[in-house]
Amino acid sequence: DLAREAVGAIEEDVDPLRAALAYERLSWYAVDAQVQVKHAAIEMLTTSRRAVELVPADPPTALRARVAGGLAFMLLLAREYDEAQHWAKKALAVAKLVDSADEEVRALVALGFLEGRYGEVDTARSLLRDAYSRAVAGGDRLLQLGAKWHLTWPELDVGNLATACVTLEEMAELAQRSGLTWSAYGRNALQLRCYAYYAAGEW
């Protein structure tokens, strides 16, 4: 609600970049607060697309990489995989041009997840490991948790439960050590860890 209020308070013609950032935040809050994915999908996609419209592609900027990467994730959640890949690649290219390590991590995570959806498990692992290494180097714990979370999925998809369990243990420990146990990723790690051990028969 506060993000919607912020979007309404900013004059897009006067301060388009600030408005873009508000739209980008609103799209993520729509995902975080979702009760049903179908209801959240409209707002998360609409606001994310508007954020991209408000940030010029030229000159390349970290904000352009951020909104492009954000749109890639929203499309990914909506299962629009081809368009998601298009925007993730654009986000990665811009992030590299402007040397934005955080946005590069986010774009790599999106691309890695998409490669997993396409069945390219080895490519997905490589991209996600690269994302995690870069997140560790940058010191952003939430980015580290996000990369770790997505590293779990290629292993679950191919039934590599032992590796998935280890990854989730590491993720839960990182969340606890960072004071992020009850963040979205921290909770996800705890929940998925239960499932992974259950599926592996580790009662």
Side-chain angles (χ1 to χ4, degrees), residues 1-34 37-115 117-118 124 127-128 130-135 137-147 149-150 183-185:
D1 287 343
L2 289 170
R4 291 189 187 110
E5 188 178 331
V7 164
I10 299 170
E11 295 184 46
E12 293 181 15
D13 293 340
V14 176
D15 201 345
L17 300 185
R18 193 173 181 211
L21 191 57
Y23 276 112
E24 191 266 350
R25 286 292 80 208
L26 178 54
S27 66
W28 282 105
Y29 294 145
V31 173
D32 288 343
Q34 69 189 358
V37 174
K38 289 181 181 178
H39 293 163
I42 296 173
E43 184 170 30
M44 73 186 193
L45 282 172
T46 301
T47 53
S48 192
R49 288 189 191 282
R50 184 58 184 148
V52 170
E53 290 170 358
L54 288 166
V55 182
D58 189 32
T61 60
L63 182 57
R64 177 67 181 184
R66 182 169 179 170
V67 296
L71 178 55
F73 267 103
M74 299 308 141
L75 289 162
L76 190 159
L77 292 171
R79 299 185 180 182
E80 300 287 346
Y81 295 140
D82 289 345
E83 192 180 357
Q85 189 176 55
H86 166 80
W87 283 105
K89 286 180 177 178
K90 281 186 172 295
L92 182 60
V94 174
K96 286 182 174 180
L97 275 175
V98 299
D99 197 25
S100 177
D102 287 357
E103 301 313 324
E104 193 170 345
V105 168
R106 292 186 179 97
L108 286 168
V109 166
L111 285 170
F113 190 85
L114 285 163
E115 289 295 334
R117 296 295 90 189
Y118 287 128
L127 288 167
L128 291 167
D130 190 14
Y132 181 71
S133 296
R134 291 170 187 269
D140 187 315
R141 293 299 175 86
L142 277 174
L143 277 182
Q144 289 176 47
L145 285 171
W149 167 251
H150 286 90
S183 66
Y185 281 127

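The model shown is predicted, which means the values in this text are computed figures rather than measured ones.
Here Ala3 pairs with Leu26, Tyr29 under the side chain to side chain contact (heavy atoms under 4.5 Å, CB included) rule; sequence neighbours left out. In terms of the salt bridge (Lys or Arg N to Asp or Glu O under 4.0 Å) criterion, residue partners of Asp1 (sequence neighbours excluded) are, by chain and number, Arg4. Residues passing the salt bridge (Lys or Arg N to Asp or Glu O under 4.0 Å) test with Arg141, sequence neighbours excluded: none. In this structure Asp130 satisfies the salt bridge (Lys or Arg N to Asp or Glu O under 4.0 Å) test together with Arg134, sequence neighbours excluded. For Arg50, the salt bridge (Lys or Arg N to Asp or Glu O under 4.0 Å) partners are Glu12, Glu53, not counting sequence neighbours.
The side chain to side chain donor-acceptor pair (under 3.5 Å) analysis of residues 91-103, with sequence neighbours excluded, yields the pairs Glu103-Arg106. Here salt bridge (Lys or Arg N to Asp or Glu O under 4.0 Å) pairs that include residues 72-93, with residues two or more places apart or in two chains, are Arg49-Glu83. Sorted by first and then second residue, the salt bridge (Lys or Arg N to Asp or Glu O under 4.0 Å) pairs involving residues 66-77 (not counting sequence neighbours) are Glu24-Arg66.
Side-chain contact between Phe113 and Phe73 is absent, with no heavy atoms from C-beta onward closer than 4.5 Å. Annotation: side chain of Thr61 is not in contact with side chain of Val94 (no heavy-atom distance under 4.5 Å).
Here the CD atom belonging to Glu115 is positioned 6.0 Å from the CG atom belonging to Leu127, to the nearest 0.5 angstrom. With rounding to the nearest 0.5 angstrom, the CZ atom of Arg64 is 11.0 Å from the CG atom of Leu17. Note that CD of Glu43 is 10.5 Å distant from OH of Tyr23, once rounded to the nearest 0.5 Å. Here the CG atom belonging to Leu45 is positioned 7.0 Å from the CG atom belonging to Leu71, to the nearest 0.5 angstrom. Going from atom CH2 of Trp87 over to atom CG of Leu111 covers 13.5 Å, rounded to the nearest 0.5 Å.
Taking each heavy atom of Ala124 and Gly112 in turn, the nearest pair found is CB-O, 3.2 Å. Of all the heavy atoms in Ala110 and Leu76, the pair that sits closest is O-CD1, 3.9 Å. When all heavy atoms are compared, the tightest approach of Ile10 to Ala22 is CD1-CB, 3.8 Å. Considering every non-hydrogen atom in both Asp13 and Pro16, the closest pair reads O-CD, 4.1 Å. What you find for Ala91 and Ala65 is that their closest heavy atoms are CB-O, 3.5 Å. Nearest heavy atom pair, residue Ala135 against residue Val105, reads N-CG2, 3.7 Å.
Aromatic ring pairs are classed by plane angle as parallel below 30°, tilted from 30° to 60° and perpendicular above 60°; the pair Tyr185 and His150 is perpendicular.
Within a 6.0 Å sphere centred on CZ of Arg25, heavy atoms belonging to other residues, nucleotides or ligands number more than 12.
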